[in-house]
Number of protein chains: 2
Amino acid sequence: MTHSEENYIKAIFHLGLEGVGVISTNALAERMETKPSSVTDMMRRLSEKGLVNYKKYQGVSLTDLGTKMALSIIRKHRLWEVFLVEKLDFNWDEVHEIAEQLEHIESEKLIDKLDELLNYPKFDPHGDPIPGKNGEFLERDNLLLSQLSIGSTGICVGVKDSSAVFLRFLDKNKIALGNEIKILDKEEFDNSLHILVDQRELHLSQQIANNLYVKKI
Amino acid sequence: MTHSEENYIKAIFHLGLEGVGVISTNALAERMETKPSSVTDMMRRLSEKGLVNYKKYQGVSLTDLGTKMALSIIRKHRLWEVFLVEKLDFNWDEVHEIAEQLEHIESEKLIDKLDELLNYPKFDPHGDPIPGKNGEFLERDNLLLSQLSIGSTGICVGVKDSSAVFLRFLDKNKIALGNEIKILDKEEFDNSLHILVDQRELHLSQQIANNLYVKKI
DNA sequence: ACAAATATTTAGATTTGTCTAAATTTATTA
DNA sequence: TAATAAATTTAGACAAATCTAAATATTTGT
């Protein structure tokens, strides 16, 4: 597998998790920041290798083999992210780009050893679950902070948007994974929230609340 | 820089250290396991980028910029090798191939942090010196075990051949970097050696002795 | 259900890195 | 030093991954 092929496989997997239904050439092109014609070419190649189901004009999906590959790449990506944060002291907003490169390193043993060094983590620094060595993959509950009702409390377990800007916003406001967040009030007008986190009262826009995963307690 | 370009730069640097004089297209082709015509193409490209001095039929050498690049890649390679051995418990015969991939990861900060994690090592697991962040590069004394005279003692400081077969031979015979080796006798016929290492008497062929670097004491 | 809009694919070109075969230059040696 | 051998470069081709522009298919709206 080339790096490019791996990146397409990963993108198809992520689109599959997000949206429902088939994945269109255009959607994939947008995700890959490339042109639809390039996607068509690549789909033909991946289809020949048995990694995707592709029929002209019918959209694309991963085969079992393709899904296995995707999980392997995502496992590598997320383990490397944990390594960067836990062992090399990177901030969670700096690790994505480096992990994008490291995820393509080929060595089963390397990943197993890394997993061991990190003590078999189940989640990456953004709260995303790390697929197991044999492809086990438990999706996290996708309850968003914006879905909690007034008065209830949740533990922050992940971010939906893991862009550096969003992560730095959370840092600035001292909101971290593991924090308890209580919904004090909700504005009817814009659905913004008044919350209590760590003894502090904060005001969060709906957009922020839409990008924080919580576990209700 | 593409991976391929980096590999050529590295190969030119290593050939420069080994042999004397200019580096020929054929020598580089052999080292890169490719065809001379491919080398010619690549030399033109690297020359345009200012990384090598290249004139048709005149051989090639690195520019200052090319040398800086080579040292940076070698630094990354060797730091990753230390990481694999020290932190992930790999044997010294398993790390080269993985480091060949890792050396192409782009992130200055990553390498600085790795250097720090490993406590600023000066040598890799094979005893090769690790270039500094600013391009400092001290070549190791290149005294070979085969050059020691009878009765003298040296500390094993490196291997010239770092192929897995040779490294496993050393493991099998419990010869490791740091060991003291005393030359007990030398056979005139084949220049093989009788040595004392770690209280044990061993018999080494000249070929083995030609691939072990020592520091005389 | 047909025309217009949208999505997708095809055709043909480009870049990188490679190859083989042919041409050319440099080195050797008789 | 001239011919032969060896080394090197050129020419032309190919695969991967991309692009633009044109052609084709599908979807939508009236």
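The shown structure was predicted, so the numbers you read here are calculated from the model rather than taken from an experiment. Numbered from 1 within each chain, the chains take letters A, B, ... in sequence-line order.
- In this structure, B:Thr40 reaches the D:dT9 phosphate: one of its side-chain N or O atoms is under 4.0 Å from OP1 or OP2.
- Rounded to whole angstrom, the span from the CG atom of B:Asp41 across to the P atom of D:dT8 amounts to 15 Å.
- In the interface, the side chain of B:Thr25 is not paired with the base of D:dT9 through any donor and acceptor atom under 3.5 Å apart.
- Taking 4.0 angstrom as the limit, B:Tyr8 places none of its side-chain polar atoms (N or O) nearer than this to OP1 or OP2 of C:dT16.
- As rounded to whole Å, 18 Å separates atom C1' of C:dA11 from atom NZ of A:Lys35.
- Note on B:Asp112 versus B:Lys133: salt bridge recorded, some NZ/NE/NH1/NH2 to OD/OE distance being below 4.0 Å.
- Applying the 4.0 Å criterion to OP1 and OP2 of D:dA6, one finds that B:Tyr57 has every side-chain N and O outside that range.
- When all heavy atoms of B:Leu46 and B:Tyr8 are compared, the closest pair comes out as CD1-CB, 3.9 Å.
- Nucleotide C:dT18 holds its C1' atom 11 Å from the CE atom of B:Met32, rounded to whole Å.
- Between D:dA6 and B:Asn26, no contact under 4.0 Å exists linking OP1 or OP2 to a side-chain N or O.
- Between B:Thr2 and C:dT16, a side-chain N or O to OP1/OP2 separation shorter than 4.0 Å is absent.
- OP1 or OP2 of C:dT18 has not a single side-chain nitrogen or oxygen of B:Thr34 nearer than 4.0 Å.
- Aromatic ring orientation, B:Trp80 versus B:Phe83: perpendicular (interplanar angle above 60°, classes split at 30° and 60°).
- Atom C1' of nucleotide C:dT15 and atom CD of B:Glu48 are separated by 13 Å, given to the nearest angstrom.
- Salt-bridge formation is detected for the pair A:Arg75/A:Asp115: a Lys NZ or Arg NE/NH1/NH2 atom is positioned less than 4.0 Å from an Asp or Glu carboxylate oxygen.
- The CZ atom of B:Arg45 sits 9 Å away from the C1' atom of C:dT18 (whole-angstrom rounding).
- Atom NE2 of B:His3 and atom C1' of C:dT16 are 13 Å apart (whole Å).
- Between the side chain of A:Ser4 and the base of D:dT18, no donor-acceptor pair under 3.5 Å is found.
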